[in-house]
Amino acid sequence: MNLDKLTYAGNLQNLKDVADHPNYTFVKADICDYSTVLKTLQFHNIDIIVHFAAQSHVDRSVFLKKFHKLEPTITELFEMSLPEDFIINNVWGTHILLECATQAWKDSNFEGKRFHYVSTDEVFGALALNDPKKFNEETRYNPRSPYAASKASADHLVRSYFTSFQLPITISNTSNNYGPYMYPEKLLPLTITNLLEGKKVPIYGDGKYVRDWLFVDDHCAGIELILTKGKVGETYCIGGQTEDMSNLELIQKVLNLMGKDEKTNLEYVKDRPGHDRRYAVDWTKANRELGYEPKHDLDSNLKDMVEWYKNNTWWWEPIKSGEFKEYYKKQYEDR
Ligand code: DAU
């Protein structure tokens, strides 16, 4: 059962391979809509929820108010993905899902039920470059963008339903995913598709920011392990590669794969406000308790990812010429 509002980054084409499977159902709904969510859980007898739904793009959450029209309509407010949208979807939406799960499952005493919340390593804030430290389950919360703060709020709400109502929850705090079908606002798909279009790659600041890259299949395998072997009430950090790599080094890898040179294809642009310097995830607990280990190697997956975008222009070209065009203009013009 896939429940999705299909906002700007949602796309049913991503699931075309499973769309006709007898075990698959799609419901177009908003997680903020209490009555539809509750009815769906009850009608389909749902016993496990994996809550992926979120406004997720940091840059959209730090748009300055100058992008506000004086009197935006409610629809425009939603479509513009301003900080409010992050609070509504990520905090309120999570609250509604938690309420619905508790209502739908309480009579069964939560037997065989699970509410898994997919969160982010961004709730922990930023690490310094060349610091041996990594984020783990004990790291103090220190979110630094409206997006990260909305996810952190939701983490706390999810835990509170465990202590207050015994709702059987688990949480994963995960690093930067990458792979096919990735909406082109994120660094890697933006880099690949810009290069395919003959455009430059915009690098924020000095390009020496570090992220922990996790192939999407490894992330999904981690979630499955938490569902099958994880302990209720617990949090697990799920990360990818263990060596630090700057954005610039990552983009250089893509340039090499695509036979493009750095000089003509990169453009240093104004930095993201409050840009977190470094993320690194210590997944020792998930390894020790669940046997989690990322299996995919960055170099070969990056190669596959480039090939995928080359071969699937039907997927990303219409996206880049639609709503995204307006977003790109706002985000990168005069930067
Ligand atoms: O760490 C997990 C998080 O990873 C998730 O919680 C977020 O939902 C997800 O969007 C991602 O956040 P980032 O801000 O790290 O991802 P993004 O792809 O936007 O940026 C990755 C790095 O690349 C970051 O240091 C900013 C930089 N960047 C990004 C873009 C879009 C650029 O230099 N130029 C760009 O045009």
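If you read the sequence from its start, that first residue is 1, and numbering goes on from there. Every value quoted in this text rests on a predicted model; they were computed, and no experiment measured them. First listed ligand is number 1; within each ligand, the first listed atom is number 1.
Annotation: cation-pi geometry not satisfied between R159 and Y117 (NZ/CZ under 6.0 angstrom from ring centroid, within 45° of ring axis).
At a heavy-atom cutoff of 4.0 Å, ligand 1 is contacted by the side chain of E122 but not by its backbone. Contacts with ligand 1 closer than 4.0 Å are made by backbone heavy atoms (N, CA, C, O) of E185 only, the side chain lying farther away. Contacts between V58 and ligand 1 below 4.0 angstrom, taking non-hydrogen atoms only, involve the side chain exclusively. Counting heavy atoms closer than 4.0 Å to ligand 1, residue Y204 contributes atoms from both its backbone and its side chain. Contacts between S56 and ligand 1, counted as non-hydrogen atom pairs separated by less than 4.0 Å, involve both the backbone and the side chain. If you look at N176 next to ligand 1, the close heavy atoms, those under 4.0 Å, come from the backbone and the side chain alike.
Close contacts of ligand 1 with Y147, meaning ligand atoms under 4.0 Å from a residue heavy atom, involve 5 (C), 6 (O), 7 (C), 8 (O). Taking a cut-off of under 4.0 Å to the non-hydrogen atoms of Y279, the atoms of ligand 1 that pass are 1 (O), 15 (O). Atoms of ligand 1 found under 4.0 Å from any heavy atom of Y332, numbered from 1 in the order shown, are 30 (C), 31 (C), 35 (C), 36 (O). Here is the list of ligand 1 atoms found below 4.0 Å of a heavy atom in K186: 8 (O), 9 (C), 10 (O), 18 (O). Less than 4.0 angstrom separates some heavy atom of H57 from each of these atoms of ligand 1: 19 (O). Which parts of ligand 1 touch P202 is read off a 4.0 Å heavy-atom cut-off, strictly below it: atoms 32 (C), 33 (O), 34 (N), 35 (C), 36 (O). Heavy-atom contacts of L190 reach the following atoms of ligand 1: 36 (O) (cutoff under 4.0 Å). Close contacts between ligand 1 and Y209 involve ligand atoms 25 (O) [criterion: under 4.0 Å to a heavy atom].
With respect to the salt-bridge test (charged N to carboxylate O, under 4.0 angstrom), the residues K263 and D261 do not qualify. The existence of a salt bridge linking E317 and K320 is excluded, since no basic side-chain nitrogen approaches an acidic carboxylate oxygen closer than 4.0 Å. Ionic pairing of R277 and D206 is present here: one or more N-O contacts between side-chain nitrogen and carboxylate oxygen are shorter than 4.0 angstrom.
With atom 18 (O) of ligand 1 as the reference point, the heavy atom nearest to it among L187, L188, N194 is part of L187.
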Would you give me the side-chain donor-acceptor pairs under 3.5 Å for residues 299-306, sequence neighbours excluded?
| unit_1 | atom_1 | unit_2 | atom_2 | d |
| --- | --- | --- | --- | --- |
| D299 | OD1 | K253 | NZ | 2.8 |
| S300 | OG | D297 | O | 3.4 |
| S300 | OG | D297 | OD2 | 2.9 |
| N301 | ND2 | D297 | O | 2.8 |

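For atom 27 (C) of ligand 1, the nearest non-hydrogen atom of the protein is N247 ND2, 3.4 Å. Nearest protein heavy-atom neighbour of atom 14 (O) of ligand 1: R272 NH1, 2.6 Å. Scanning all protein heavy atoms for the shortest distance to atom 15 (O) of ligand 1 gives R211 NE, 2.7 Å. Shortest contact from atom 2 (C) of ligand 1 to any protein heavy atom: D121 OD1, 3.2 Å.
Judged by distance alone, the side chains of W105 and D107 never bring a donor and an acceptor atom under 3.5 Å apart. Between Y209 and D276, the side chains place no donor N or O within less than 3.5 Å of an acceptor N or O (distance only, hydrogens not considered).
Taking any N or O of H275, backbone or side chain, at least one lies under 3.5 Å from an N or O belonging to ligand 1.
Annotation: side chain of R335 is in contact with side chain of R272 (closest heavy-atom distance under 4.5 Å).
Aromatic ring centroids of Y183 and H57 lie 6.0 Å or more apart.
By the 6.0 Å contact criterion, CH2 on W92 is open, its count of non-hydrogen atoms from other residues, nucleotides or ligands being 12 or less. Under a cut-off of 6.0 angstrom, the local environment of CD in E99 is crowded, with over 12 non-hydrogen atoms contributed by other residues, nucleotides or ligands. Heavy-atom neighbours of N311 CG from other residues, nucleotides or ligands within 6.0 Å: above the threshold of 12.
For D4, the salt bridge (Lys or Arg N to Asp or Glu O under 4.0 Å) test picks out no residue, with sequence neighbours left out.
Ligand 1 lies nowhere less than 4.0 angstrom from a heavy atom belonging to K151. Residue T174 places a heavy atom under 4.0 Å from ligand 1.
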